[in-house]
**Student:** 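Before I ask anything, here is the structure I am working with.
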Amino acid sequence: MDVLVKYSLPELENFVESLGEMKFRARQLYSWIYSKSARDFDKMTDVKKDFREMLKARAVILDTKIKKKQVSSDGTIKYLIEYSDGNCAETVLMRFDNRSNLSACVSSQVGCHMGCDFCATAKRGFVRNLEPYEIISQILTIQQDTGLKITNVVFMGQGEPLNNYDNVFSAIKRINEDLNIGIRRITISTCGIADKIKKMCENTLVPTLAISLHCPDSALRRQIMPVENRFPLDTLKDSLKYYCDKTGKRVTLEYILIGNLTDTKEMAQKLCDYIKDLKCNINLIPYNPICEGRYKKSAKKDTMAFKYLLESQGKKVTIRLERGADIDAACGQLAGRE
Ligand code: SAH
């Protein structure tokens with residue numbers, strides 16, 4: 001069976017011609033798959049019947065299955081998606097305010113090898129990279145299932161996107177071209193693979209960048225995030241400045257508030273020092289408990305004191321809304337479990 005989501009438009013044209021059909025049929029198919037999020041060939045009413053029958057015998061749109069679907073009380077939907085080899089990874093639909101921001105949080109790998117100590121995905125270990133079409137399939141799955149059009153994509157599901165560089169950037173090109181989502185609405189989150197941050201600045205399409213900083217103290221960061229050994233905070237900052245200079249954009253620094261560890265006054269002050277000369281926004285993330293976790297949430301008063309200290313030094317700070325925590329769909333809780 002041919003899996004149509006694997007094909008770009010020119011490849012779809014070749015496929016259609018190989019079935020002895022006119023090239024323009026490919027555009028019809030393309031529009032049904034990407035603009036109208038058709039689930040099956042029977043929906044494609046302007047495609048003539050005998051061609052639809054031929055397609056049914058020869059091809060599928062997606063080769064993935066929804067293994068499990070959970071809906072949170074806040075409207076977040078988590079899908080556990082099973083790929084053709086039986087591996088699973090989540091994708092999450094998040095709704096903010098209104099229909100004009102429908103974000104898909106996608107996975108770039110099954111598992112992850114970065115080993116961050118507070119993250120459920122890390123505890124699972126690394127399984128494999130996802131292919132570009134497997135990333136696109138996640139977005140199409142949400143669109144097909146809900147009938148909604150995704151407006152924003154964040155690479156904040158399972159995996160470290162910059163460790164699956166080629167596939168992730170092929171997927172970004174297709175998200176932009178086939179799903180028609182602007183590059184400013186596509187965000188990569190990384191734990192800080194500094195050389196790849198610099199490399200991506202040379203691409204034609206450079207996405208919005210979010211950094212899982214989580215700690216401004218090199219010794220402590222090394223304990224909770226092994227990536228600090230390879231790309232220490234200084235090297236990371238270098239690459240962030242490079243990104244800002246090259247793109248004119250700001251970076252978002254993500255910062256998990258872990259009680260009595262990263263949420264102290266001392267850490268707040270170190271964070272201020274670290275970002276003094278950096279064009280950035282700060283997004284504070286409440287720590288989400290994971291099983292086998294040995295950390296705890298920051299107390300409300302400590303969170304507020306932390307935020308206040310940053311703001312008093314002129315920094316723009318937001319606290320991330322906790323989405324989908326009741327269905328284990330929140331940051332760091334994705335482990336591919338059923
Ligand atoms: N590997 C990339 C993409 C994952 S994004 C990265 O590190 O950025 C997932 C986000 O959730 C990251 O910012 C991650 O650090 C954060 N996270 C992981 N475990 C968490 C937890 N228990 N509570 C809150 N956030 C967590």
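Note that these values count all heavy atoms, side chains included, but never hydrogens, waters or copies made by symmetry. All ligand and atom numbering here is 1-based and tracks the order in the structure.
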**Student:** Salt-bridge test for Lys307 and Asp302: reply yes if a basic N is under 4.0 Å from a carboxylate O, no otherwise.
**Tutor:** no
**Student:** Can you tell if the side chain of Met22 reaches within under 4.5 Å of the side chain of Val16, non-hydrogen atoms only?
**Tutor:**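 Met22 does not reach Val16 side chain to side chain.
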**Student:** So which of His214, Arg320, Lys297 gets nearest to atom 14 (C) of ligand 1, if we judge by its closest heavy atom?
**Tutor:**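 Comparing heavy atoms across His214, Arg320, Lys297, the nearest one to atom 14 (C) of ligand 1 lies in His214.
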**Student:** Considering non-hydrogen atoms of the protein only, which is the closest contact for atom 19 (N) of ligand 1, and what is the distance?
**Tutor:**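 The protein heavy atom lying closest is Gly332 CA, 3.1 Å.
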**Student:** At a 4.0 Å threshold, what atoms of ligand 1 neighbour a non-hydrogen atom of Cys191?
**Tutor:** 6 (C), 7 (O), 8 (O)
**Student:** Could I get the full list of ring-ring contact (aromatic ring centres under 6.0 Å, His included) partners for Phe118, not counting sequence neighbours?
**Tutor:**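 Testing Phe118 for ring-ring contact (aromatic ring centres under 6.0 Å, His included), a comparison that skips the adjacent residues, returns His214.
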**Student:** Counting only heavy atoms closer than 4.0 Å, does ligand 1 sit against the backbone of Gln158, its side chain, both, or neither?
**Tutor:**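 Neither; no heavy atom under 4.0 Å.
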**Student:** Considering heavy atoms of the protein only, find what lies nearest to atom 26 (C) of ligand 1 and give residue, atom and distance to 0.1 Å.
**Tutor:** Ile256 CD1, 3.4 Å
**Student:** Report the part of Asn288 in contact with ligand 1, treating N, CA, C, O as backbone and CB onward as side chain, heavy atoms under 4.0 Å; options are side chain, backbone, both, neither.
**Tutor:**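 Both parts.
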**Student:** Check each of Arg320, Glu254, Lys316 against Asn283 using the side-chain hydrogen bond (donor to acceptor under 3.5 Å, both in side chains) test, and report the only one that passes.
**Tutor:** Arg320
**Student:** Is Cys201 close to Tyr242 at the side-chain level, that is, under 4.5 Å between some pair of heavy atoms?
**Tutor:** yes
**Student:** Hey, does Cys112 sit under 4.0 Å from ligand 1 if you only count heavy atoms?
**Tutor:**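 It does not, in that no heavy atom of Cys112 comes within the 4.0 Å cut-off of ligand 1.
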**Student:** Looking at Glu90 and Lys78, would you say the former's side chain and the latter's main chain have a donor-acceptor pair under 3.5 Å?
**Tutor:**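 No, because the side chain of Glu90 does not come within donor-acceptor range (under 3.5 Å) of the backbone of Lys78.
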**Student:** List the closest protein heavy-atom neighbour of atom 10 (C) of ligand 1: residue, atom name, distance to the nearest 0.1 Å.
**Tutor:**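 Among all protein heavy atoms, the one nearest atom 10 (C) of ligand 1 is Cys331 CB, 4.2 Å.
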**Student:** Using a 4.0 Å heavy-atom cut-off, which part of Ile211 comes near ligand 1: side chain, backbone, both, or neither?
**Tutor:**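 No part of Ile211 is near ligand 1 at this cut-off.
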**Student:** Keeping Arg95 on the side-chain end and Gly75 on the backbone end, is there a donor-acceptor pair under 3.5 Å?
**Tutor:**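 Judged by distance alone, yes, a pair lies under 3.5 Å.
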**Student:** Starting from atom 2 (C) of ligand 1, find the nearest protein heavy-atom neighbour and note its residue, name and distance.
**Tutor:** Ser189 O, 3.2 Å
**Student:** Between Glu134 and Arg128, is the closest basic N to carboxylate O distance under 4.0 Å?
**Tutor:** yes
**Student:** Does ligand 1 have a heavy atom under 4.0 Å from the side chain of Glu254, from its backbone, from both, or from neither?
**Tutor:** side chain
**Student:** Quick test of your reading of the structure: of Gly157, Pro161, Pro289, Ser212, whose heavy atom lies closest to atom 4 (C) of ligand 1?
**Tutor:** Gly157
**Student:** Which bit of Pro286 gets closer than 4.0 Å to ligand 1, counting heavy atoms only: side chain, backbone, both or neither?
**Tutor:** backbone
**Student:** Considering the heavy atoms of Met156, write down every atom of ligand 1 situated less than 4.0 Å from one of them.
**Tutor:** 5 (S), 9 (C)
**Student:** Heavy-atom contacts with Phe118 under 4.0 Å: which atoms of ligand 1 show up? List them by number with element.
**Tutor:** 15 (O), 18 (C), 19 (N), 20 (C), 21 (C), 22 (N)
**Student:** Check contact between Gln333 and ligand 1, using heavy atoms of the residue and a distance below 4.0 angstrom.
**Tutor:**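 No, Gln333 has no heavy atom closer than 4.0 Å to ligand 1.
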**Student:** Does the Gln109 side chain pair with the main chain of Phe126, one donor and one acceptor, at a distance under 3.5 Å?
**Tutor:**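 No; judged by distance alone, with no hydrogens or angles, the pair does not exist.
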**Student:** In the structure I gave you, are the side-chain heavy atoms of Tyr7 and Asn14 within less than 4.5 Å of one another anywhere?
**Tutor:**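 Not touching, per the 4.5 Å side-chain cut-off.
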**Student:** Under the 3.5 angstrom rule, does the side chain of Thr76 hit a backbone N or O of Val71 as a donor-acceptor pair?
**Tutor:**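 Not a single qualifying donor-acceptor pair exists.
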**Student:** Short list, please: which atoms of ligand 1 are under 4.0 Å from a heavy atom of Tyr287?
**Tutor:** 21 (C), 22 (N), 23 (N)
